[in-house]
Number of protein chains: 2
Amino acid sequence: MLDNLMGIEKQNKNIKATLRDVARVAGVSSTTVSRVLNDKPNVSDAIKDKVQSAIENLGYSPSPTARALNTGRTYTVGALVPTLDNAIFARFLDALEKRLTFHNLNLVISTTDEDPKTEVQNAIDLLNMGAEALIVSGEIRHPDFDQLISRNRIPVIITSYFTSNSPYPSIGYNNAQISKIALNHLFDRGHNSIAVIHGPTKHNDRTRERLKGIQEDKRFSSITYHEADISIGSGCAAARLIIRQKGRPSAIFCLSDVLALGVMFELSRKSISIPDEIAIMGFDNLSWSAHTNPPLSTIELSVASMGIKVADELNQRLNKNKPIQSQALEGQLIIRHST
Amino acid sequence: MLDNLMGIEKQNKNIKATLRDVARVAGVSSTTVSRVLNDKPNVSDAIKDKVQSAIENLGYSPSPTARALNTGRTYTVGALVPTLDNAIFARFLDALEKRLTFHNLNLVISTTDEDPKTEVQNAIDLLNMGAEALIVSGEIRHPDFDQLISRNRIPVIITSYFTSNSPYPSIGYNNAQISKIALNHLFDRGHNSIAVIHGPTKHNDRTRERLKGIQEDKRFSSITYHEADISIGSGCAAARLIIRQKGRPSAIFCLSDVLALGVMFELSRKSISIPDEIAIMGFDNLSWSAHTNPPLSTIELSVASMGIKVADELNQRLNKNKPIQSQALEGQLIIRHST
DNA sequence: CTGAAAGCGCTTACAG
DNA sequence: CTGAAAGCGCTTACAG
């Protein structure tokens, strides 16, 4: 009765009940309460009931941090991505999160704005909150990052970018290879002089690799390069420049569908017909790309399946202690009517 | 010397050093090490140096979970959102995450697919991993959710939706009010018969409220309603239906810019001119909406500033123990050339 | 300026 | 089937 009062008193004082409180009220040991809580065998039904109702009465819920300290697990994975405000990363993270949840893992997201220093800083925060593994984008790292990882001995996995030159496993694309697929298509369609519009290369090895793939192709008589922020407006602006240049190219290869959409808007405004006067090739296969006028030829990067693969490997590593397997993912050419 | 060996031994065995190891190697007490670790005053420089180098030698980094158990803080906030794969939520979360990081708070994201049961389940996971507060979208909750919250006594904040009828504070929009702004604009432009294309209403009170606002407006001679998934393709399909209906409306109000884009693509294919034959009004002001042909009239919901406000209130609540203030956010009419 | 001791709220051998 | 005790790795009064 006195014990019971203790429980109620705590409740009134707005202090959370502990496992010990439950044990007292139920008249059993902490060990037994713990067993009930974790569905362990060897508890009689009678005692189980007593414990359950004590839990009910006290409105008890176990402390996650105490549990984590004992089990050594937080079931948390940290992802360092450049931004959330981008359809491709959002789609990747959406799939990743769902699959991690399926594996009983939580996802903490941290954005880096493609800045290695911010990435290290946020990595520290993620580790300080108990992340059991880290997901990063691309291969470029701040030196402090590697030191942080070796100190904390935590699994790291590179995404969006496939490489075998990194100390960390990677699940992603061979970006150079993939832009060659697009180039082959343009070449087959008879294009000889093309313009390339790409996003910022600073700290962005995915974009650099795509460009490298293009530069290695020597079949074209002329290729001009135009860097632009990944936005519709910048795509429009780049298009304006390109159609004014002498020796106007017969095709524009945009290293992002967002850029391609801007180009299409701009050409439509100038009444330049696609693909007759200028062909347009995108990269990403965003959801609207099939519906533009004309529908956009592009490259599908199955980032959703990348998310699933990453989650599955993390599950293997964290929950079954198997090493992470690197995986090179394929890009797929999607031919529609803009080329 | 023996102590020193212990440290190195652990390192070789790949076991993480603990604070006690550092204390042993440095020849000081745990208390002192803790003081150094947390930049507390009253430690002589000589000892500070000894401790620092012991930390270096052992590659020590403190256990986040042990810290959390002692301080009672995890510095983690959980967000339950319908999906990440949607420009509006992604933009909101991007701003939210950056601002939370600024306040030294981590963001765990969990997607619910607009399903209250999934939401409860994921809320449990978030609490089990130590979330100190929860962010939810809209007012609709599963009953178990409220029970979970009262049990765990954790702050909850409703976003995207402003309400004063909830037990939880809210920072969001009065969606009914905002669709009236759009309607006023269409009415002023002389439209009398309009079609409304909206997303699924199931479990989605934001959409329902927007529709309620429209239904309360009695000035129009005819309003037809068309439910569609939030996708370009569905926007196209809805547009096909609408232009075929007898008594074709003079304006289409899309409760999402994504839908509006689909409609515009479809009308462009059918050579129906915007806004002369049919005016189009959107909702969201996505990044490309200023660049469509013609540029899309729409409503700006400043979800980025919503993210900042939510983070700021959470900071006040969690770090300064002040109650969360509900806030009604304004939508802003953006008139371009599609109306 | 420094340390011994208790404690945060659980889990887990171990013993019966 | 049940419990006493130790321990996870820190922090925090308290005492000196």
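In the text below, chain A, chain B and the rest are named by the order of the sequence lines, each starting its count at 1. Below, all heavy atoms of this structure are taken into account, side chains as well, without hydrogens, waters or symmetry copies.
For the pair P64(B)/M129(A), no side-chain contact is recorded, criterion being any heavy-atom separation below 4.5 Å from C-beta on.
At whole-Å resolution of the value, CZ in R73(A) and C1' in dC8(D) are 16 Å apart. One can place CG of N128(B) at 15 Å from C1' of dG9(C), the figure rounded to the nearest angstrom. Between the CG atom of L69(B) and the P atom of dG7(D) there is a distance of 17 Å, rounded to whole Å. Per the geometry, CZ belonging to R24(A) stands 13 Å off P belonging to dA4(D), to the nearest Å. Whole-Å rounding puts the R35(B) CZ to dT2(C) C1' distance at 6 Å. With rounding to whole Å, R20(A) atom CZ is found 12 Å from dA5(D) atom P. We find that CG of D21(A) is positioned 15 Å from C1' of dG7(C), with the value rounded to whole Å. Computed from coordinates, the D39(B) CG to dC1(C) P distance equals 15 Å when rounded to whole Å.
Residue R67(A) has a polar side-chain atom (N or O) positioned under 4.0 Å from OP1 or OP2 of dT11(C). Remark: S29(A) is not in phosphate contact with dT2(D), judged by side-chain N or O atoms under 4.0 Å from OP1 or OP2. Of the side-chain N and O atoms in K40(B), one or more sit less than 4.0 angstrom from OP1 or OP2 of dT12(D). The shortest distance between the side-chain N/O atoms of S44(B) and the OP1/OP2 oxygens of dT2(C) is below 4.0 Å. Residue N70(A) has no polar side-chain atom (N or O) positioned under 4.0 Å from OP1 or OP2 of dG7(D). An OP1 or OP2 oxygen of dC1(D) is reached within less than 4.0 angstrom by no side-chain nitrogen or oxygen of K48(A). Residue S34(A) places at least one side-chain N or O closer than 4.0 Å to OP1 or OP2 of dT11(C).
One finds a salt bridge joining R24(B) and D21(B) here, because a Lys/Arg side-chain nitrogen approaches an Asp/Glu carboxylate oxygen to under 4.0 Å.
Side-chain N/O atoms of Y161(A) and N204(A) include no donor and acceptor closer than 3.5 Å. Counted by atom type alone, N38(A) and R67(A) present one or more donor-acceptor pairs between their side chains at under 3.5 Å. A side-chain donor-acceptor contact under 3.5 Å links N319(B) and R73(B).
Residue P62(B) is in sugar-phosphate contact alone, with no base atom involved, counting any heavy-atom pair closer than 4.0 Å across all strands shown. Within 4.0 Å of I47(A), counting heavy atoms only, lie sugar-phosphate atoms of the nucleic acid but no base atom.
Each of S63(A) and D45(B) has a nearest nucleotide on DNA chain C; the 5'-most of these lies closest to D45(B). When the nearest nucleotides of DNA chain D are assigned to N42(A) and L19(B) by heavy-atom distance, the more 5′-ward of the two goes with N42(A).
Interatomic distance, N152(A) CG to L126(A) CG, rounded to the nearest 0.5 Å: 11.0 Å.
When the nucleotides dG9(D), dG3(D), dT12(D) are ranked by their closest atom to the side chain of T31(B), dT12(D) comes out on top.
In this model, no side-chain donor or acceptor of S30(A) finds a partner on the base of dA4(D) within 3.5 Å.
With both pairing distances under 3.5 Å, dC14(C) is matched to dG3(D) as a Watson-Crick or G-U wobble pair.
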